[in-house]
Amino acid sequence: WLTIGYIDDLNAATLEDLKKFFLRWYSPNNATLVVAGDIDMAKTLLLVEKYFGVIPSGPEVKNMAPNVPVLDKDRYISYEDNVRFPQMRIAFPTVPARHSDEPALDVLADIFGGGNSSILYQNMVKTQKALFANSGHPTSELSGEFVILVRSFPTTGLADMLTMVKQDMLDFEARGVTDDDLKKFISTHEYSEISGLQSVSSKGSKLAYYQTFVGNPNNIKQDLDRYKKLTKGDVIRVYNTYIKNKFAVILS
């Protein structure tokens, strides 16, 4: 379902519909406010009270339960257009953000297709079997997915692309996970998180994020610690749990 809705629904919406929606969701009890900078705390609190204190609370907003889809078979979706290079996107349902298996799946995605040393790059791009190949593990509040993306040459069939990906999975099983894999990912992840806090704006955004989704604005250390505790066995376990011989949505 498109995030912004479909044109017919947008055209059918009335001003009253928009007002009701706004009043239902955009209220102080469903918001996090962060004021970041070199501020005078007392004066700032007075300004917050002045401009926001008069806004009444809205209806109660409860957190939704995670909703990871369960596939009973592979699902194939195809789109055709005037494009030069075929592309395939394979998505395995996994876990929501902050699930205990999220860090290990992130490492798995990095090993499989996270850079020039990854299996996908070495087996498909470097050998000129594909123009582009990578993998990632994006997660959201309610669910997540392990994604493999391959863009190939016009002469390569979609079935051939899928066969190559499956062979790369077998190569991973034979290769396994090394201590260097963990060290590389953990150090890169930690650098990315800390360097992303250089600006005042980024610090404020991170505080708001953790307050909204965890209930603790100062959660960054706990978040980083999740990755430091990873073992090689964790990565193999999530591969067997979520990827190996599991069903996926295959979009071409």
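Index from 1, following the sequence.
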Ignoring hydrogens and angles, write down the donor-acceptor pairs under 3.5 Å from the side chains of residues 35-52, residues two or more places apart or on other chains.
{"unit_1": "D40", "atom_1": "OD1", "unit_2": "A42", "atom_2": "N", "d": "3.1"}
{"unit_1": "D40", "atom_1": "OD1", "unit_2": "K43", "atom_2": "N", "d": "3.0"}
{"unit_1": "T44", "atom_1": "OG1", "unit_2": "D40", "atom_2": "O", "d": "2.7"}

Which distance, rounded to the nearest 0.5 Å, do you find between the [atom1] of [X] and the [atom2] of [Y]?
X: D110; Y: I119; atom1: CG; atom2: CD1; value: 11.0 Å
X: L108; Y: T241; atom1: CG; atom2: OG1; value: 10.5 Å
X: F172; Y: S135; atom1: CZ; atom2: OG; value: 10.0 Å
X: D168; Y: N123; atom1: CG; atom2: CG; value: 4.5 Å
X: E145; Y: S140; atom1: CD; atom2: OG; value: 8.0 Å
X: I186; Y: L224; atom1: CD1; atom2: CG; value: 10.5 Å

Check your understanding: Going by distance alone, is a donor N or O of one side chain under 3.5 Å from an acceptor N or O of the other, for S202 and S205?
Key ->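 The criterion, which ignores hydrogens and geometry beyond distance, is not satisfied for S205 and S202.
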Review point. When you check the side-chain N and O atoms of T178 and D180, is any donor under 3.5 Å from an acceptor?
Key: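 No, D180 and T178 have no side-chain donor paired with an acceptor closer than 3.5 Å.
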I want to check something: taking the side chain as every heavy atom from C-beta on, are [X] and [Y] in contact at a cut-off of under 4.5 Å?
X: I250; Y: I77; result: no
X: S118; Y: N134; result: no
X: F247; Y: R75; result: no

For [X] and [Y], which heavy atoms make the closest approach, and how far apart are they?
X: P86; Y: L158; value: CB-CD2, 4.2 Å
X: M161; Y: S152; value: SD-CB, 3.7 Å
X: F92; Y: I243; value: CE2-O, 3.7 Å
X: D17; Y: A12; value: OD2-O, 4.2 Å
X: S27; Y: S57; value: CB-C, 4.3 Å
X: I55; Y: P28; value: O-CG, 3.5 Å

Please determine whether residues [X] and [Y] belong to a single hydrophobic cluster, defined as Ile, Leu, Val, Met, Phe, Trp and Tyr linked transitively by side-chain heavy-atom distances below 4.5 Å.
X: L230; Y: I236; answer: yes
X: V147; Y: M164; answer: no
X: V95; Y: F213; answer: no
X: L23; Y: W25; answer: no
X: V83; Y: L149; answer: no

Exercise for review: Start with the C-alpha distance between F153 and K129, add both sets of side-chain angles, then the distance that settles side chain to side chain contact (heavy atoms under 4.5 Å, CB included), and finish with yes or no.
Suggested key: CA-CA 8 Å; F153 297 99; K129 295 177 182 177; 5.8 Å; no
**Study point:** Residue pair E193, K221: steps toward the salt bridge (charged side-chain N to carboxylate O under 4.0 Å, His left out) verdict
**Key:** CA-CA 10 Å; E193 288 294 306; K221 183 181 183 301; over 6 Å; no
Practice item. Apply the test side chain to side chain contact (heavy atoms under 4.5 Å, CB included) to residues F112 and L120: give CA-CA distance (whole Å), side-chain angles for both, the deciding distance (0.1 Å), then the verdict. Key: CA-CA 6 Å; F112 199 71; L120 286 175; 3.8 Å; yes
Identify, with sequence neighbours excluded, every residue that meets side chain to side chain contact (heavy atoms under 4.5 Å, CB included) alongside [X].
X: V125; result: Y121, A133
X: K203; result: L197
X: E16; result: T14, K19, K20
X: V68; result: P93, P96, S143

Point to revise | Check ion pair R84-D81 (N to O, under 4.0 angstrom) | key: no
Check your understanding: Thinking salt bridges, do K232 and D181 make one under a 4.0 Å N-O criterion?
Key ->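 Looking at D181 together with K232, the answer is no, because their closest N to O distance does not fall below 4.0 Å.
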Mind checking side-chain hydrogen bond (donor to acceptor under 3.5 Å, both in side chains) for [X] and listing every partner two or more places apart, or none if nothing turns up?
X: Q87; result: R151
X: T231; result: D234
X: K126; result: none

**Study point:** All pairs passing side-chain hydrogen bond (donor to acceptor under 3.5 Å, both in side chains) where residues 243-252 contributes a residue, at least two apart
**Key:** S78-S252
Point to revise | Residue pairs, two or more places apart or on separate chains, that pass side-chain hydrogen bond (donor to acceptor under 3.5 Å, both in side chains) and touch residues 94-108 | key: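 Every pair satisfying side-chain hydrogen bond (donor to acceptor under 3.5 Å, both in side chains) with a residue in residues 94-108: T94-H137, R98-Y209, D101-R237, D101-Y242, E102-T139, E102-R226, D106-H137, D106-Y227.
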Mark yes or no for whether [X], through its side chain, and [Y], through its backbone, hold a donor-acceptor pair below 3.5 Å.
X: T188; Y: K184; result: yes
X: Q211; Y: A208; result: no
X: D74; Y: V249; result: no

Check your understanding: Does I4 CD1 have over 12 foreign heavy atoms under 6.0 Å away?
Key -> no
Review point. More than 12 foreign heavy atoms under 6.0 Å from OH of Y6: is that the case here?
Key: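 Above 12, so yes.
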Point to revise | With E141 via salt bridge (charged side-chain N to carboxylate O under 4.0 Å, His left out) - residues at least two apart | key: none
Exercise for review: Determine, step by step, whether I90 and L162 satisfy the side chain to side chain contact (heavy atoms under 4.5 Å, CB included) criterion, reporting the C-alpha distance in whole Å, the side-chain angles of both residues, the deciding distance to 0.1 Å, and the verdict.
Suggested key: CA-CA 9 Å; I90 306 169; L162 189 57; 3.6 Å; yes
Check your understanding: Using 30° and 60° as the class limits, which term best fits the ring planes of H189 and F185: parallel, tilted or perpendicular?
Key -> parallel
Exercise for review: Start with the C-alpha gap between N216 and Q222, add the side-chain angles, then the distance that decides, and say whether side chain to side chain contact (heavy atoms under 4.5 Å, CB included) holds.
Suggested key: CA-CA 10 Å; N216 174 18; Q222 292 91 318; 3.6 Å; yes
Exercise for review: Only pairs at least two apart or in different chains count here, so list each ring-ring contact (aromatic ring centres under 6.0 Å, His included) that has a residue in residues 61-85.
Suggested key: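 Those involving residues 61-85 do not exist here.
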